[in-house]
Amino acid sequence: MLRPKIPTMPTPAGLVTPPAVIELTTVVQHQPTPAPAPAPAASTRPTVQLTPGAVLALVGAGTAVVLVVGAVLVSMLLAVAVTGASVAVCAVVLRSLLASDAKRR
């Protein structure tokens, strides 16, 4: 009843190119000539020269990064401590309410 319809490959219309003809060629190997030893090249990398102002800027940037990371870590620790304290206070209040309710019965 419900059968999938398999698409058929359409026949090409228009200009059809014939398959390419492959011609066999022979491979001739030559003896490679030994390459001369390369001379050691001078380093083209630029050297980094730090001026006193650049050193001062790097120290200032490093100090700022340390202070920011420290502040973030301390604030996260404080948030965990406050959450823990509030959960402890809630537990004490619930325990007190449940204990006083049990004494009245």
Acceptor/donor pairs from residues 89-99 side chains to any protein atom, 3.5 angstrom cut, sequence neighbours excluded:
none

N/O donor to acceptor pairs below 3.5 angstrom from side-chain atoms of residues 79-88, sequence neighbours left out:
{"residue": "Thr83", "atom": "OG1", "partner": "Ala79", "partner atom": "O", "Å": "2.8"}
{"residue": "Ser86", "atom": "OG", "partner": "Val82", "partner atom": "O", "Å": "3.4"}
{"residue": "Ser86", "atom": "OG", "partner": "Thr83", "partner atom": "O", "Å": "2.8"}

Quiz: residues 55-65 side-chain donor-acceptor pairs under 3.5 angstrom, not counting sequence neighbours:
{"residue": "Thr63", "atom": "OG1", "partner": "Val59", "partner atom": "O", "Å": "2.8"}

